[in-house]
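What follows is one structure encoded as structure tokens, with my remarks underneath.
Each chain gets a letter, A, B and so on, in the order the sequences are listed, and its residues count up from 1.
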There are 2 protein chains.
Amino acid sequence: MYRIGELATACEVTADTLRFYEKNGLFSPSSRSDKGYRLYTEEDARHLKFILRAKAMGFSLTEIRELLNIEASRSDWACADVKGMVEAKAAELQRKIDEMTRLRDSLQELADACCGGPESAIHCSILDTLETK
Amino acid sequence: MYRIGELATACEVTADTLRFYEKNGLFSPSSRSDKGYRLYTEEDARHLKFILRAKAMGFSLTEIRELLNIEASRSDWACADVKGMVEAKAAELQRKIDEMTRLRDSLQELADACCGGPESAIHCSILDTLETK
DNA sequence: ATAAACCTTGGAGTTAGGTCTAAGGTCAAA
DNA sequence: TTTGACCTTAGACCTAACTCCAAGGTTTAT
Ligand SMILES: [Zn+2]
Ligand SMILES: [Zn+2]
Ligand SMILES: [Zn+2]
Ligand SMILES: [Zn+2]
């Protein structure tokens with residue numbers, strides 16, 4: 001049995017984060033000590049690692065809650081459901097990547113047009129563009 | 001002279017947003033009517049458009065405040081300063097793009113390994129990976 | 001003259017994912 | 001036995017960029 005600080009340290013998060021996850025219905029200790037301390041089992045630890053892996057994959061806590069529901073009763077779901085979630089997330093990420101790429105290109109174009117020299121910015125093409133494009 | 005709602009409509013933002021920008025030191029009306037209504041000039045409108053263009057380029061309001069300072073006294077700055085800001089922003093964006101691309105690839109890999117079929121997710125490789133990788 | 005549409009202010013609420021504080025209880029070591 | 005490290009709770013605070021509200025004053029159209 002781990003106490004909250006031990007599990008937190010082991011998983012490189014803070015105890016506050018674990019309490020936050022608990023309050024938000026992602027993850028609770030299997031039991032409490034007689035004085036009210038949270039006690040986590042190895043199984044709880046695996047549970048937390050699942051959450052942290054999903055988070056590292058870019059899932060929001062809300063989405064992780066869905067994944068946990070599926071994981072908790074796998075037989076009620078189809079592979080198609082799970083794959084659908086992952087592909088939707090990948091597509092969402094792709095849209096953001098595209099958007100940011102366009103932005104980066106615009107910025108690079110802006111930067112390329114500026115001489116970048118040490119003289120006064122009175123004639124700076126970047127400011128001119130922002131002012132009047 | 002535009003009143004706040006007129007300028008907001010013309011620039012496709014809300015009056016609340018303009019008040020918010022004012023409260024945060026980005027942009028104020030040149031004058032007020034005798035009853036206290038904000039009155040904006042054409043110059044103010046250009047000012048706002050500068051802000052909105054910078055925002056569309058991905059600059060935060062804090063960064064836009066800096067850009068506005070530079071724009072307000074161009075001769076105190078060098079092209080190098082301005083170009084530096086823009087390139088730093090482009091680099092920051094690139095880092096985020098790289099991060100998201102890695103994430104997207106991981107998700108795609110996860111999805112590719114799953115059959116995506118209609119049968120039960122008991123054997124689902126996605127959940128297995130999240131559980132035990 | 002009155003209703004609709006506008007404007008003012010200060011301040012609260014939103015989202016996401018925590019982070020921190022206060023005030024107190026518990027446990028292990030020296 | 002007393003320090004120090006740990007734990008408990010409720011609830012406030014943080015960032016970013018708004019968004020909404022209440023309660024009132026003004027302007028415009030009919
Ligand atoms: Zn130059
Ligand atoms: Zn320049
Ligand atoms: Zn399958
Ligand atoms: Zn599967």
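Between Leu18(B) atom CG and dC7(C) atom C1' the separation is 13 Å, expressed in whole Å. Between the P atom of dC18(D) and the CD atom of Glu12(B) lies a distance of 14 Å, rounded to the nearest Å. Rounded to whole Å, the distance from CG on Asn24(B) to P on dT19(D) is 13 Å. Distance CD1 (Ile4(A)) to C1' (dC6(D)): 11 Å, rounded to an integer number of Å. Straight-line distance from the CD atom of Glu22(B) to the C1' atom of dT19(D): 17 Å, rounded to whole Å. Atom-to-atom, CD of Glu6(A) to P of dA5(D) comes out at 16 Å; the value is rounded to the nearest Å.
Taking side-chain N and O atoms only, Arg19(B) has a distance below 4.0 Å to OP1 or OP2 of dT8(C). Arg38(B) has a side-chain polar atom (N or O) that falls below the 4.0 Å cut-off from OP1 or OP2 of dT9(C).
A donor-acceptor distance shorter than 3.5 angstrom exists from the side chain of Ser33(A) to the backbone of Lys35(A), with no hydrogens or angles considered. Remark: the backbone N or O of Ala78(A) is paired with a side-chain donor or acceptor of Asp81(A) at under 3.5 angstrom. The closest donor-acceptor contact from the side chain of Arg53(A) to the backbone of Leu130(B) lies under 3.5 Å. Side-chain atoms of Ser60(A) come within 3.5 Å of backbone N or O of Glu63(A) as a donor-acceptor pair. A donor-acceptor pair is defined here as one N or O able to donate and one able to accept, closer than 3.5 Å; such a pair exists between the side chain of Thr41(B) and the backbone of Asp44(B).
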Could you go through nucleotides 15-19 of chain C and list every protein N or O atom that sits under 3.5 Å from one of its N or O atoms, giving the distance for each pair?
{"unit_1": "dG18(C)", "atom_1": "OP2", "unit_2": "Tyr21(A)", "atom_2": "OH", "d": "2.7"}

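Exactly one of Lys49(A), Arg74(A), Arg46(A) qualifies for a salt bridge (charged side-chain N to carboxylate O under 4.0 Å, His left out) with Glu131(B). That residue is Arg74(A).
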* Take Leu61(A) and Lys55(A) through the test side-chain contact (heavy atoms from CB on, under 4.5 Å) and record every step on the way to the result. => CA-CA 7 Å; Leu61(A) 298 191; Lys55(A) 203 161 93 70; 4.1 Å; yes
* Report the C-alpha separation of Asp112(A) and Gln108(A) in whole Å, then their side-chain angles, then the decisive distance to 0.1 Å, and conclude whether the side-chain contact (heavy atoms from CB on, under 4.5 Å) test is met. => CA-CA 6 Å; Asp112(A) 288 347; Gln108(A) 201 53 63; 3.2 Å; yes
* Structure fact -> With B for base contact, S for sugar-phosphate-only contact and - for none (protein heavy atoms under 4.0 Å), nucleotides 24-30 of chain D reads -BBS---
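Side-chain contact check for Glu42(B) and Tyr2(B): at least one donor-acceptor pair (N or O, by modelled atom type) lies under 3.5 Å.
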